[in-house]
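Reviewing the structure listed below.
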Amino acid sequence: MAARNVLLTGCSSGIGRALAVRLAKDELKRFRVIATMRNLEKKEALEKEAGPVLEETLEIKELDVGSEDSIRRCLDSIPQRRVDVLVNNAGVGMIGPVESHSVASAQRLFDTNFFGVVRLIREVFPDMKRRRQGHIVVMSSVLGLQGLFFNDFYCASKFAVEGFCESLALQALKFGVNISLIEPGPVTSEFERKLYEGVDNMDLSGVDKETQDLFRGLYMDYSRDVFTALGQSPEEVAEHAMRIIASENPPFRYQTNSFYTPITTLKHADPSGILPLNAFHQMIFQHDRLFKASLSLLKMLQWRKRRDLDHSRGPSEGEAGSPR
């Protein structure tokens with residue numbers, strides 16, 4: 001069977017880079033990866049990790065999801081413009097009080113996280129429909145299913161992606177095209193570091209004192225605790241994504257972190273929405289000590305889970321670059 005062309009966006013760091021390398025180094029050589037990034041000056045890390053598969057099963061191209069011209073130039077450079085698997089991974093984050101962000105900055109966020117996905121799909125979907133085959137993978141988030149305070153605009157962009165794909169999936173199935181939403185929880189990567197750096201330079205002068213204290217104090221402490229206890233590595237998420245891409249019958253939605261399944265399920269338990277709102281309110285504002293103790297327990301369970309997984313793989317497989 002011929003290798004499938006995989007067009008992957010946002011490959012300069014994090015999940016995108018890890019997934020590009022994982023697909024390109026597939027032992028069965030099922031994929032030819034077109035790894036793209038907005039700024040090719042940042043390609044060195046990917047080239048180093050790709051090593052011997054560079055220019056064999058992986059090539060690096062420039063693509064800015066915010067530019068239709070850039071997208072078309074990239075696709076025109078691919079023989080017959082054939083994309084068997086499109087992985088929409090490029091994205092940006094935004095945290096902070098609503099008052100601290102301008103409408104223009106929120107629009108820029110949507111231009112990447114939502115309209116970037118739309119631009120890519122509009123360009124490759126017609127050919128997939130014509131061929132009656134193809135797979136569109138979108139790196140979404142559990143925050144596309146469940147809102148989180150001080151993540152208002154980011155959640156909104158991911159909710160938009162989820163709604164768009166859920167609607168489009170009905171048409172796609174008619175033409176033999178699969179759509180998959182991959183929904184990670186917190187991921188410890190460059191993405192997280194950039195968010196925290198942005199907080200240090202954030203202008204909160206137009207925000208009331210109580211909200212400032214909630215954000216800089218409670219939320220930031222809470223966020224760091226969650227990332228420490230539950231954060232996955234980009235390689236772990238890439239391993240999950242690899243299985244979805246390789247699947248003959250890929251799911252429409254897939255959460256990479258099982259600890260979040262009960263949280264997202266809670267939302268559907270009460271159509272009024274009161275149950276999850278009250279649960280989160282009490283957990284964060286009334287029972288924060290219990291919540292932090294629970295995070296410590298979850299951190300230990302996560303560590304033990306990874307340790308047991310490493311032992312079950314054996315030394316040879318672990319040395320080969322399996323996620324930890």
Pair listing, side chain to side chain donor-acceptor pair (under 3.5 Å) test, anchored in residues 109-121, at least two apart: Asp111-Arg119, Asn113-Ser157
Pairs touching residues 89-100 that satisfy side chain to side chain donor-acceptor pair (under 3.5 Å), sequence neighbours left out: none
Shared-cluster residues of Leu145, by chain and number - hydrophobic side chains joined below 4.5 Å: none
ILVMFWY clustering at 4.5 Å (side-chain atoms), partners of Ile274: none
Salt bridge (Lys or Arg N to Asp or Glu O under 4.0 Å) partners of Asp152, counting only residues at least two apart: none
For Arg253, all residues meeting salt bridge (Lys or Arg N to Asp or Glu O under 4.0 Å), sequence neighbours excluded: Glu162, Glu166, Glu183
Ile179 side chain reached by Val137 side chain, heavy atoms, under 4.5 Å: no
Beyond-backbone contact of Ile95 with Ser223, side-chain heavy atoms, under 4.5 angstrom: no
Only counting residues at least two apart or in another chain, list the ones meeting side chain to side chain contact (heavy atoms under 4.5 Å, CB included) with [X].
X      : answer
Glu49  : Arg17, Val21
Asp84  : Arg4, Asn5, Arg82, Arg131
Ala106 : Phe153
Arg22  : Glu239, Met242

is_close_aromatic(Tyr219, Phe149), centroid dist under 6.0 Å: yes
For Tyr260, all residues meeting side chain to side chain donor-acceptor pair (under 3.5 Å), sequence neighbours excluded: none
Pairs touching residues 140-151 that satisfy salt bridge (charged side-chain N to carboxylate O under 4.0 Å, His left out), sequence neighbours left out: none
